[in-house]
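Numbered from 1 within each chain, the chains take letters A, B, ... in sequence-line order.
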Number of protein chains: 2
Amino acid sequence: MAGNKYEEIAAAAIQLFEQKGYHATSVQDIADAVGLQKGSLYHYIASKEELLLKITHQAISGFVRRLEEIIDTDLPVEERFRQGIRTHMQYITQYLSMSTVLLREAFSLGEPHNEVIRDLTDRYLNLWTQIINEGVAAGVFYVKDSRIAALTILGSCNWVYRWFKEEGKYTAEEIADQMADLFLNGLKKGRT
Amino acid sequence: MAGNKYEEIAAAAIQLFEQKGYHATSVQDIADAVGLQKGSLYHYIASKEELLLKITHQAISGFVRRLEEIIDTDLPVEERFRQGIRTHMQYITQYLSMSTVLLREAFSLGEPHNEVIRDLTDRYLNLWTQIINEGVAAGVFYVKDSRIAALTILGSCNWVYRWFKEEGKYTAEEIADQMADLFLNGLKKGRT
């Protein structure tokens, strides 16, 4: 029961943090959204900041876990790269509000909370760097610096939270494939 | 005199909005930072929101103006593309705090202010789409959809506000060139 109520609170907080921003959302706003007194809300959450931590932790963990599963497959490196882009796009568009909170609001976390999210974000970047390094080792990709390439690619994939529209011209998968084409062609021919 | 004091207020607000976020920054915080009484601050600014509008307007206008200058040159399209990436990187890293406020905080503007910034942001996206379209028309670039390609490239270029470090391994120009290589190779070979 507590679990279900927590899920309801988190869902309401995600909507409020996305629309108004973390700082502009009060604990009272969240309580109102789920029909609880402010005092009762504290049975389920320790603080507004802990709620932001839990939301952003769930979001970044989802990105990491999905990419780890793809990396562990036996697919050729180009195919793992493409699947990685597809999975990122699927996840970010399916959980667009939660992703927005992660990508725009996590900076408001104080230490040591901020460090937890930063470490997981670094882990996600390292996984992308690893795929690119594997491609370089296999003689398929040519880049000057794998980490800069990973940051470049991840930037495009993350920025999607700003412009993706459910009712847009392309599905998330179609956009992922256009991005993957551009990046794979760039990585493959990128010998300078 | 009023102009100089306004500049000082804007600079203080940029620092505060970057560090704490727009909503977490009070008018009192800004007044304290420039050594004014809150009442006196209102001689220079109409409201905190108007200040956010002016800051974000200056930021996005700078991006637009610089890219327009490059587009108007007679350079080959590939070179204009590379110069566009370089100029974006120079500007975003030189004005990193102001860019952070633009890219992370502008959503807090109410209407019609938000629309002003959105229109200029669309104009910047349209300029990038135009360069790609010119490359396609010249038979140099191959893309499925120029606007998606422009959003992909712009996402990478904007995300830099999150990870660029002045003391990092590469200069802004070196990063710009690595990004431009990746994208130009991708655009040139991107026939699917």
- Message: Using heavy-atom distances under 4.5 Å, tell me whether A:Leu125 contacts chain B through its side chain, its backbone, both, or neither.
- Response: neither

- Message: Only heavy atoms, only distances under 4.5 angstrom. Which residues in residues 17-25 of chain A are near chain B?
- Response: A:Glu18, A:Gln19, A:Lys20, A:Gly21, A:His23, A:Ala24

Mind checking whether [X] and [Y] sit in one hydrophobic cluster, side chains of I, L, V, M, F, W, Y counted as touching below 4.5 Å?
X: B:Ile131; Y: B:Val143; result: yes
X: B:Val101; Y: B:Val34; result: yes
X: B:Leu75; Y: B:Phe81; result: no
X: A:Ile14; Y: A:Leu53; result: yes
X: B:Val27; Y: B:Tyr44; result: yes

- Message: I need the contact set between residues 154-178 of chain B and chain A: heavy-atom distance under 4.5 Å, sorted by residue number.
- Response: B:Gly155, B:Ser156, B:Asn158, B:Trp159, B:Tyr161, B:Arg162, B:Trp163, B:Lys169, B:Tyr170, B:Ile175, B:Gln178

Nearest 0.5 Å, what's the [atom1]-[atom2] distance between [X] and [Y]?
X: A:Thr152; Y: B:Asp181; atom1: OG1; atom2: CG; answer: 10.5 Å
X: B:Asn185; Y: A:Leu182; atom1: CG; atom2: CG; answer: 10.0 Å
X: A:Leu103; Y: B:Arg104; atom1: CG; atom2: CZ; answer: 12.5 Å

- Message: For the CZ atom on B:Arg118, are there more than 12 heavy atoms of other groups (residues, nucleotides or ligands in this structure) within a distance under 6.0 Å?
- Response: yes

